Amino acid sequence: MERLSSPAELEKARKSIVSKRDAKKPCITVCSGTGCHAFGCEKVSTAFQNEIKRLGLEEKVDVRTTGCHGFCERGPLVVIRPRDIFYQRVSADDAAEIISETVLKNNVIDRLLYADPNTGKKIVHEHEVPFYAGQKRLVFGNNGYIDPSSIEDYLAVGGYAALGKVLSGIKPEAVIEEIKKSGLRGRGGGGFPTGIKWESCRNAPSPDGVRYIICNADEGDPGAYMDRSLLEGNPHSVLEGMLIGAYAIGGHEGYVYVRHEYPLAVKNVRLAIKQAEEYGLLGKNILGSGFDFSIRINRGGGAFICGESSALMASLEGKVGEPRAKYIHTVEKGLWEKPTTLNNVETWANVPLIINHGADWYTKTGTANSKGTKIFSLVGKVNNTGLVEVPMGITLKEIIYDIGGGIPGGKKFKAVQTGGPSGGVIPDSLINLPVDFDELTKSGSMMGSGGMIVMDEDNCMVDIAKYFIGFLEGESCGKCVPCREGLKRMREILDGISEGRGKEGDIDLLERLSTTLTDGALCALGSTAPNPVLSTIRYFRDEYEAHIKEKRCPAGVCKELITYQIIKEKCPGCGLCIKSCPAEAITSGGKKQPVILDQEKCIKCGACYDVCKLGAVKVS
Amino acid sequence: MVKLTIDGRECRAEEEKTILEVASENGIHIPTLCYHEEVSPYGACRLCMVEVTRKGRKRLVASCLYPVAEGLVVRTETPEVNNIRRTVIELLLARCPDSEVVQEMAHDLGVDKPIFSLEEDNHKCILCALCTRVCQEVVGVSAITLVNRGVDRQMATPFYDFSEVCIGCGSCSFVCPTRAISFEDVGDTRVITMPHVTMEFKLKKCSKCGKYWAPERQLEYIAKTAGIAPEAFDICPDCRD
Ligand SMILES: Cc1cc2nc3c(=O)[nH]c(=O)nc-3n(C[C@H](O)[C@H](O)[C@H](O)COP(=O)(O)O)c2cc1C
Ligand code: SF4
Ligand code: SF4
Ligand code: SF4
Ligand code: FES
Ligand code: FES
């Protein structure tokens, strides 16, 4: 490929790529994201390729391996485009049949279709699958259409057009104005207005003119993987966003700070950088405009705290990844004391979209103060789990019931935890809450990076608070006293409550420690850490009180406070539980007689409860 | 110069200064445990938190780090500030019940008895990093660091062993607010006791009076960095003139 030396040449190159492609030609897209990998998608795509070679169909059918489509739970996923036929749980053995039946004869294979768990109805097309139907996949959508290792694929869907547009003579200030007008807010947690951040960075004095651009791809929240999926599945969109940001801010050096455990993301970004350089889209004199920008990849320090902006910059400088007080903002003095703009992966990926379609178009999606979409990682007690991109302002109910398909096993919805480990829980009574930055904060939770864990009646709220405080205690860097010592004490108190040692005054003490962290901690890890505790106290105080005063765990979770008992009338003595009990606490009560559970030996693991199909084991 | 108000008092200050420095110049006391004028501020103990109002916006900040600005209104004692200080000192009292400094400060802040269970294996170290900052910034050797994350954090030498770069100067001990590091010269040996390691240093004998007067390593280090002939230290300062 020759270097493109002007925006016009870029458009010419795009036209030539598109003209060589036949939009009607069948394309078998096989998801090759990390989730589908776990289900063996590699064998599936190889099987397709071999079969096509065997039949000599190379000219007639394309096979494309793509990044994550979001519905990882049903992987490996295969979509036959352009007809949009959606197959799930596909194995290598299905490949020949899919080609002979679906690709060549247009027959749908019933067995591989997705069945709606609520109605049992089989669904043929991808866009009709409820999981996808309720989404608005502006940022994430191309993941299912392009091969991340092919810059041509990205160009074919309009890639780098936004860069071409700004380099065709839009002034940097005008780019910033457009981003400001779009209302884009940071997707990494804080929700800070991106345009204002860029403007401050551009205006911050830098004697030698150096300004740095950083992409935060540290993604430390347990269970979150939207940034990973974007980088793995559509790396060029992130690079394009950074390029536009760099042009607007006046920066020439950029870094992608990637979490240590993301090798595929590193590989795909590295390749994308190389390709963009070859095309003249990165490096010196980009598209003949005189603008220079280069990007380097940096592997993360391996700790949750390294995602925090000042710790991340310390880590990039080769120092210990610990936060510092940011009374002088990083947009003024960031990396190596130079003005620095740090944005999250998803924030960067929104930028080309805004430039391409304009701020007016962008602001049509969302609420008054939260524009555009947000990608959430929907997990927990919900039928459909995976990555979902939804318009800001959608209600929790729509996400959990329409997209997520509701709560499995006929259980009752209890709460949803949003915002990652330092987010809060939102109870059933707020199920109609519109999801945006401000509403989530008002409810005592936060947007965070977009974690969404659904909980049902079997989740104990004290246990949930204990879990997250324990996580944060382990991730506290240990620098400041409120966070290091305070989280430890909060966890001790929560341990006590869940183990039946709760005392009068514990709730007050938890609240006082929380205030100390919120007001006094050095960085946002500590100052947001009390959210799981404060929100569970706010909405489920009675559950705390049951633990403290009555030594009772209403959800039947806290081991020290529960007993397992056999309901004699229901137990025919089948003995399944006897085999499942690891402590040998259950013995036979004689033929066709209820089994006997020895409370002394019971370790309260719940194995008997889980295994009994007749509901003869009760928790109390 | 900028003008600001601290606890209702008008103060004039140079621009680069922090609230803590200006308060202290004006005789206003703010408690601290991780601050020392010889080293860069760190912001870890959070005892120095104050309330600032700037352009109508109120927030709580660490005064040892926060730079003064024109029109800033500072209050060093508010209910929120006092809650942070009280809770911080309660937490430190549980961590280091044997530290007299912490006990005294707790008393001053109206905390009489610990409310959290006491740390059993307490070493008086509050992890303020004054020792490591002095060793790095003033002595220039970085013999000690804070290792591990979160509650496992400890002040230590590399591998909890004799630090090959430590010169035995004892600066860390001088600066430690809680006396978690101590040193003692016994005969020809200096013993430095840190929370997790004890190190011994051979002392140099004065060729005139025969007194052991400084660690040999320290003298070698000074000789090397200052470009002085090592023989200059054969005689102790007392015998020199
Ligand atoms: C403990 C902690 C961890 C964080 N981890 C991440 C992360 O993994 N990825 C991220 O983009 N932002 C993370 N942030 C937020 C960043 O500090 C920063 O606000 C963000 O990257 C700015 O980008 P944005 O404006 O595009 O959101 C974290 C913040 C804290 C306090
Ligand atoms: S709040 Fe926690 S993570 Fe942040 S600096 Fe303090 S100890 Fe470290
Ligand atoms: S005695 Fe050693 S550790 Fe302490 S300040 Fe001197 S050189 Fe550093
Ligand atoms: S040993 Fe002393 S100076 Fe060093 S961190 Fe501990 S308390 Fe601070
Ligand atoms: S990895 Fe295939 S859908 Fe997520
Ligand atoms: S003196 Fe300011 S935080 Fe310790």
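Just so it is clear: chains get the letters A, B, ... in the order the sequence lines come, proteins before strands, and each one is counted from 1. Quantities reported herein were computed from a predicted structural model and do not represent experimental measurements.
In this structure, no portion of A:Leu517 lies under 4.5 Å from any heavy atom of chain B. Both the backbone and the side chain of A:Ala303 come within less than 4.5 Å of a heavy atom of chain B. Heavy-atom distances place the side chain of B:Arg59, and not its backbone, under 4.5 Å from chain A. If you measure heavy-atom distances from B:Val61 to chain A, the contacts under 4.5 Å come from both the backbone and the side chain. If you measure heavy-atom distances from A:Glu322 to chain B, the contacts under 4.5 Å come from the side chain alone.
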- Message: I'd like to know whether A:Glu492 forms a side-chain contact (heavy atoms from CB on, under 4.5 Å) with B:Phe116, so could you lay out the CA-CA distance, the side-chain angles of the two residues, the decisive distance to 0.1 Å, and finally the verdict.
- Response: CA-CA 9 Å; A:Glu492 281 176 6; B:Phe116 303 109; 5.5 Å; no
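The pair A:Arg489-B:Glu119 meets the salt-bridge criterion, with a side-chain N (NZ, NE, NH1 or NH2) lying under 4.0 Å from an Asp/Glu carboxylate O. Salt-bridge check for A:Glu473 with B:Arg149: failed, with every basic side-chain N at 4.0 Å or more from each acidic carboxylate O. Using a 4.0 Å cut-off between charged nitrogen and carboxylate oxygen, A:Arg512 and B:Glu90 count as a salt-bridge pair.
Without hydrogens or angle criteria, B:Arg46 side chain to A:Cys480 main chain gives no donor-acceptor distance under 3.5 Å.
Looking at heavy atoms from C-beta onward, B:Asn83 lies in side-chain contact with A:Thr516 at the 4.5 angstrom threshold.
Atom CG of B:Leu60 and atom OG1 of A:Thr518 lie 10.5 Å apart (nearest 0.5 Å).
Between A:Arg484 and B:Val151, the shortest heavy-atom distance links the atoms O-CG1, 3.5 Å. Minimum heavy-atom separation, A:Tyr327 to B:Pro67: CB-CD, 4.0 Å.
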